[in-house]
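The structure appears below as structure tokens.
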Amino acid sequence: RIVGEIHTFDIYRNTRLQMAFTTQNNLYVVDKNGNNVSPFPLDFKDFITEGLAIFDYDDNGKYRFVVVQNDEVLMYNKEGKLVKGFNYQSKGSIKRTPKHIRIGRKDYILVENDQGLNILNRTGAERVKPKQKISTSGNSWGLHNKSFVGTSDEGHLVEVSENGSVQTTDLDLTNNHFITVSPKHVVTFSENKLSINGVSKTLDYGLYLSPQIHEEANRTYFSIVDQQASKVYLFDEQAELVPGFPVFGNSKIDMDLEIPNEINFIVKGDDNAVLIYNKKF
């Protein structure tokens, strides 16, 4: 089975796209026809326990394929070789796919384990030491207002600055809440309450996936999917429901905003269907 997400990228930087993903024992890179891209796949004896991450620190095509095996983080280059110089010693099982964040000219690698949040540099050494212990909620962390932002297992919004200072805000979130963060936006969902940059919307009770932020071509939209009712909700930058929504769908969406005055997105329909939606304004 595939572990985590499938990444689309350009390994040769020649506009021909490939897909990269991990299974429990392999790291694959395949072309659009499903053929393996040499030197992949890579084989692993021990199980891969979190989804693949791909880092490109300087946006120059020197990709790092990041593989997690319980309490180990392994990095490989696009030649399939283990990257020397990265040596992270985890003190517990890693809970999520590691994440790369860049602030100015500094790179930060966020790794969550049983001990909480670790903020590392490119070599795996601790770059930022939070001034208080953070029990993370299991949601992904992100960059917002030049701080590392996520939530605690108590449902508090947590902001960690580059100097390690920690600010917490009680948002009265339930244990099974979601948070999605971008440099300009913070979206949370708890029970049936969706909050977009502090503006709260009440939805029907259901079985929801984590909210998404779609930013492209100077436009921003926010989506959330109720799998129980098979509904896709879409909100604009003023946190207002876009006319015509919700629509039918059963998965997170992949949105294209490149065409002015149009929205195009793809979503899973029934078990054997992929749906393409188009909306013109």
Side-chain angles (χ1 to χ4, degrees), residues 4-5 49-51 53 66 68 70-73 88-103 106-121 124-203 205-213 222-225 235 239 252:
E5 296 183 2
T49 53
E50 297 292 339
V66 184
V68 174
N70 291 313
D71 60 352
E72 275 195 294
V73 178
Y88 168 60
Q89 301 296 323
S90 178
K91 297 179 180 178
S93 296
I94 294 167
K95 295 166 62 174
R96 291 189 60 83
T97 300
K99 189 168 188 176
H100 170 245
I101 288 177
R102 188 156 198 168
I103 303 177
K106 292 183 178 179
D107 293 292
Y108 300 87
I109 299 172
L110 275 57
V111 178
E112 295 176 62
N113 61 18
D114 294 336
Q115 306 302 311
L117 178 66
N118 298 268
I119 305 175
L120 315 174
N121 62 18
E126 187 174 57
R127 179 156 228 171
V128 176
K129 184 175 179 61
K131 294 180 180 179
Q132 66 185 65
K133 186 177 179 180
I134 302 168
S135 298
T136 58
S137 65
N139 286 284
S140 180
W141 285 68
L143 176 66
H144 181 70
N145 288 338
K146 295 187 177 181
S147 293
F148 309 103
V149 175
T151 49
S152 69
D153 58 2
E154 298 174 331
H156 295 167
L157 182 75
V158 181
E159 301 171 78
V160 183
S161 69
E162 289 184 271
N163 65 15
S165 63
V166 178
Q167 179 178 332
T168 61
T169 305
D170 187 359
L171 299 182
D172 195 27
L173 302 173
T174 61
N175 289 337
N176 297 321
H177 69 271
F178 295 116
I179 181 170
T180 305
V181 176
S182 77
K184 295 181 180 180
H185 307 285
V186 175
V187 181
T188 63
F189 184 78
S190 180
E191 287 191 329
N192 66 327
K193 298 290 193 302
L194 178 70
S195 175
I196 300 173
N197 298 324
V199 179
S200 182
K201 298 291 180 179
T202 301
L203 306 181
Y205 283 97
L207 183 61
Y208 287 86
L209 302 175
S210 59
Q212 295 174 267
I213 301 173
F222 310 90
S223 67
I224 191 166
V225 177
F235 295 86
K252 289 187 176 184

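- At a threshold of 4.5 Å between non-hydrogen side-chain atoms, the residues Ile179 and Leu157 count as touching.
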### Task
Go through Ser223 and Lys252 one step at a time and tell me if the side-chain hydrogen bond (donor to acceptor under 3.5 Å, both in side chains) criterion holds.
CA-CA 8 Å; Ser223 67; Lys252 289 187 176 184; over 6 Å; no
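- Considering every non-hydrogen atom in both Ser90 and Ile94, the closest pair reads OG-CG1, 4.0 Å.
- Ser140 and Lys99 get closest at one heavy-atom pair: OG-NZ, 3.4 Å.
- When the options Asn176, Thr151, Asn175 are evaluated for a side chain to side chain donor-acceptor pair (under 3.5 Å) with Ser137, the one that passes is Thr151.
- Contact of the Leu117 side chain with the Leu110 side chain is registered, since non-hydrogen atoms from C-beta on lie closer than 4.5 Å.
- Nearest heavy-atom pair across Val181 and Leu143 is CG1-O, 3.7 Å.
- Of the possible polar contacts, one joining the Ser182 side chain to the His185 backbone as a donor-acceptor pair under 3.5 Å is found.
- With rounding to the nearest 0.5 Å, the separation of CD in Glu162 from CD1 in Ile119 is 9.5 Å.
- The two residues Lys184 and Asn197 make their nearest non-hydrogen contact at O-OD1, 3.9 Å.
- Looking only at side-chain heavy atoms (C-beta outward), Leu120 and Arg127 stay at 4.5 Å or farther from each other.
- For the atom pair Gln167 CD and Gln132 CD, the distance stands at 10.5 Å (nearest 0.5 Å).
- The distance from atom OG1 of Thr49 to atom CZ of Arg96, rounded to the nearest 0.5 Å, is 13.0 Å.
- At least one donor-acceptor pair closer than 3.5 Å links the side chain of Asn139 to the backbone N or O of His177.
- Counting only heavy atoms from C-beta outward, the side chains of Ile224 and Phe178 never approach each other to under 4.5 Å.
- Side-chain contact between Pro211 and Leu194: present, with at least one pair of heavy atoms (C-beta onward) separated by less than 4.5 Å.
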### Message
Using the rule given for side chain to side chain contact (heavy atoms under 4.5 Å, CB included), can you reason through Phe235 versus Val187, listing the C-alpha separation, both sets of side-chain angles and the distance that settles it, and then say yes or no?
### Response
CA-CA 11 Å; Phe235 295 86; Val187 181; over 6 Å; no
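- Within the model, atoms CG of Asp114 and NZ of Lys91 stand 12.5 Å from one another, a figure rounded to the nearest 0.5 Å.
- Annotation: the span from Glu5 atom CD to Thr97 atom OG1 amounts to 7.5 Å, rounded to 0.5 Å.
- Inter-residue side-chain proximity for Phe189 and Leu203 is flagged as met; some heavy-atom pair is nearer than 4.5 Å.
- Contact between Lys193 and Ser200 at its shortest, heavy atoms only, is CD-OG, 4.1 Å.
- Looking at every heavy atom in both residues, Val166 comes nearest to Pro130 through CG2-CB, 4.0 Å.
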### Query
How far apart are the C-alpha atoms of Ile109 and Tyr88, what are their side-chain angles, what is the distance that settles it, and do they pass the side chain to side chain contact (heavy atoms under 4.5 Å, CB included) test?
CA-CA 11 Å; Ile109 299 172; Tyr88 168 60; over 6 Å; no
### Task
Please report the C-alpha distance between Asp71 and Asn113 in whole Å, then the side-chain angles of each, then the deciding distance to 0.1 Å, and finally whether the side chain to side chain contact (heavy atoms under 4.5 Å, CB included) criterion is met.
CA-CA 8 Å; Asp71 60 352; Asn113 61 18; over 6 Å; no
#### Entry: Stepwise side-chain hydrogen bond (donor to acceptor under 3.5 Å, both in side chains) check, Asn163 with Ser161
CA-CA 5 Å; Asn163 65 15; Ser161 69; 2.3 Å; yes
### Residues Asn121, Asp107; criterion side chain to side chain contact (heavy atoms under 4.5 Å, CB included); working and verdict
CA-CA 6 Å; Asn121 62 18; Asp107 293 292; over 6 Å; no
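- Looking at Val68 and Pro98, their side chains come closer than 4.5 Å, going by heavy atoms from C-beta outward.
- Counting only distance, with no hydrogens or angles, the side chain of Ser195 and the backbone of Thr188 share no donor-acceptor pair below 3.5 Å.
- Counting only residues at least two apart or in different chains, ring-ring contact (aromatic ring centres under 6.0 Å, His included) contacts with residues 138-158 comprise Tyr108-Phe148.
- In this structure, CG on Asp170 lies 8.5 Å from CD on Glu154, to the nearest 0.5 angstrom.
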